[in-house]
Amino acid sequence: MNLKGINLFTPGQIGPSTLKNRIAMSAMTRCRAGVNNIPQDMNVTYYSQRASAGLIVTEATQVSPQGIGYMGTPGIHTPDQAQGWKGVTDAVHEKGGIIFVQLFHCGRISHPLLQEKGELPVAPSAVKPEGEVYTPEGKLPFETPRALETEEVPEIVNQFRTAANFAKEAEFDGVEIHAANGYLPHQFLEDGTNQRTDHYGGTIENRARFLLEIVEAVTGVWEGNRVGIHLSPSNPFNSIHDSNPEDLYTYLTNELNRFNLAYLHTVEIDLSDPGSYEMANYNAALNHITYELRKIFIGPYITNGGYDLETGSAVLDAGDADIVSYGRHLLANPDLAERFAGKSPLNSPDPDTFYLGGEQGYIDYPFM
Ligand SMILES: Cc1cc2nc3c(=O)[nH]c(=O)nc-3n(C[C@H](O)[C@H](O)[C@H](O)COP(=O)(O)O)c2cc1C
């Protein structure tokens with residue numbers, strides 16, 4: 001694709017939505033939803049503050065009570081949650097912004113203390129993640145999840161369909177299916193976590209089936225060009241790995257092309273490695289797998305991970321992406337687009353308040 005003349009400040013196009021610039025906000029969990037996981041006033045303020053980004057992708061939003069992996073995260077599976085989100089979408093639209101909701105099911109990255117009735121989290125296979133999880137009783141080791149029965153899998157696909165319907169009610173511009181960062185769709189894709197012997201496990205085709213069924217279900221609710229997909233082929237975050245990611249993601253991306261999707265959004269860095277996750281350690285080069293996916297995917301390509309003004313501009317200039325998404329810079333700089341345009345200094349994000357709850361470190365980052 002020839003992208004000459006494209007830069008961060010030229011308008012972009014995602015399906016029917018024209019973006020005022022090519023600076024997107026990547027999804028960021030902030031653990032500040034209200035009672036019953038309903039978005040509340042400070043969430044409205046937070047997103048509306050960031051509406052000068054061309055595209056906002058909301059924080060991961062669970063498609064069912066079972067999909068919850070973190071305390072205080074919003075859902076999109078009840079009418080009240082949809083109504084809460086409508087407050088957010090109205091405020092963003094009022095400022096000319098475009099907002100997609102990230103549809104999320106945590107799978108095994110949860111804990112019985114976060115689940116209704118204290119049940120075990122579910123997963124493709126009973127493979128325990130390494131590490132610990134925040135629960136109402138403090139940080140605890142992960143437990144071995146329960147492997148889903150074959151006949152339960154369509155019910156989870158259905159959770160995504162129902163959530164997609166609620167997202168329409170909430171008047172989002174589209175939805176992003178979260179198939180990255182080690183959560184349930186990703187757990188089905190990769191053979192480190194998927195050891196099933198039914199038609200959802202084994203071959204690449206079988207492991208991709210769950211995600212493709214979700215895409216099919218969600219594009220039955222939304223036009224394909226309002227459905228984005230989030231992948232992280234080289235990100236071992238949440239102890240996930242695959243023996244042959246090149247073939248897996250090549251197959252998957254070719255299949256995704258059937259749906260005329262809004263965009264493919266990839267994470268280029270290792271989110272589990274604090275070294276490569278440092279703000280200072282920017283990496284403009286697409287990694288070798290996603291570089292191939294960019295070439296295969298028909299439609300807009302959003303790249304993410306460690307970009308700043310300079311490297312984000314460079315990746316667009318090279319034609320290696322259509323849009324650049326920013327996480328931490330947009331967290332800390334509600335007016336990031338204006339700051340980039342003026343080459344102005346940036347606020348630094350404060351990791352101590354990322355998941356703290358409350359307004360501090362959430363809606364009090366100063367504008368220029
Ligand atoms: C506080 C925080 C929460 C995050 N939550 C999510 C999430 O809910 N969904 C997701 O796909 N990625 C999540 N991420 C990853 C970011 O979307 C992004 O991939 C990462 O921060 C790298 O981009 P950056 O270098 O521009 O910050 C989160 C990152 C941070 C810092």
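Counting convention: from 1, in listed order, for ligands and their atoms alike. Computed from a prediction, not measured in an experiment: that's the story for all the values here.
For ligand 1, the atoms lying closer than 4.0 Å to a non-hydrogen atom of Ala60 are 8 (O). Atoms of ligand 1 lying under 4.0 Å from any heavy atom of Tyr355, numbered from 1 in the order shown and given with element: 1 (C), 2 (C), 3 (C). Interface atoms of ligand 1 facing Asn181, defined by a heavy-atom separation under 4.0 Å, are 10 (C), 11 (O), 12 (N). The distance from ligand 1 to the heavy atoms of Gln102 drops below 4.0 Å at these ligand atoms: 7 (C), 8 (O), 9 (N), 10 (C), 11 (O). Numbered from 1 in the order shown, with element, the atoms of ligand 1 that lie under 4.0 Å from a heavy atom of His230 read 11 (O). The contact set between ligand 1 and Tyr326, taken as ligand atoms under 4.0 Å from a residue heavy atom, comprises 26 (O). Within the listing of ligand 1, atoms 1 (C), 31 (C) sit less than 4.0 angstrom from a heavy atom of Phe354.
In the candidate list Met28, Arg30, Arg328, Arg328 is nearest to atom 25 (O) of ligand 1, counting heavy atoms. Across the listed options Gly327, Ala180, Ala27, Ser232, Ala27 owns the non-hydrogen atom lying nearest to atom 17 (O) of ligand 1.
Side-chain contact annotation: His105 with Gln66, donor-acceptor N/O pair under 3.5 Å present.
Tyr263 and His265 have perpendicular rings, their planes meeting at more than 60° on a 0 to 90° scale where under 30° would count as parallel.
When all heavy atoms of Ile240 and Asn235 are compared, the pair lying nearest together is CG2-O, 3.5 Å. Smallest separation of non-hydrogen atoms from Pro245 and Ile289: CB-CD1, 3.7 Å.
Ile302 and Phe172 end up in different hydrophobic clusters when Ile, Leu, Val, Met, Phe, Trp and Tyr side chains are linked at under 4.5 Å.
The number of heavy atoms from other shown groups lying within 6.0 Å of CD (Glu310) does not exceed 12. Within 6.0 Å of CG in Asp41 there are 12 or fewer heavy atoms belonging to other residues, nucleotides or ligands. No more than 12 heavy-atom neighbours from other residues, nucleotides or ligands sit within 6.0 angstrom of CD on Glu223.
With respect to Gln187, the side-chain contact (heavy atoms from CB on, under 4.5 Å) criterion is satisfied by exactly one of Thr193, Val127, Val122: Thr193. For the side-chain contact (heavy atoms from CB on, under 4.5 Å) test with Phe100, the passing option among Ile56, Thr58, Val227, Asp173 is Asp173; the others fail.
Of all the heavy atoms of Asn304, the ones lying under 4.0 Å from any atom of ligand 1 belong exclusively to the side chain.
Where the criterion is an N or O separation shorter than 3.5 Å, residue side chain and backbone included, Ser325 fails it with respect to ligand 1. Inclusion of Thr29 in the set of residues having an N or O under 3.5 Å from an N or O of ligand 1 is warranted.
The shortest separation from a heavy atom of Phe104 to ligand 1 is not under 4.0 Å, leaving the residue out of contact. For the pair His329 and ligand 1, no heavy-atom separation below 4.0 Å is found. Note on ligand 1: Gly305 sits in its first shell, one or more heavy atoms being nearer than 4.0 Å.
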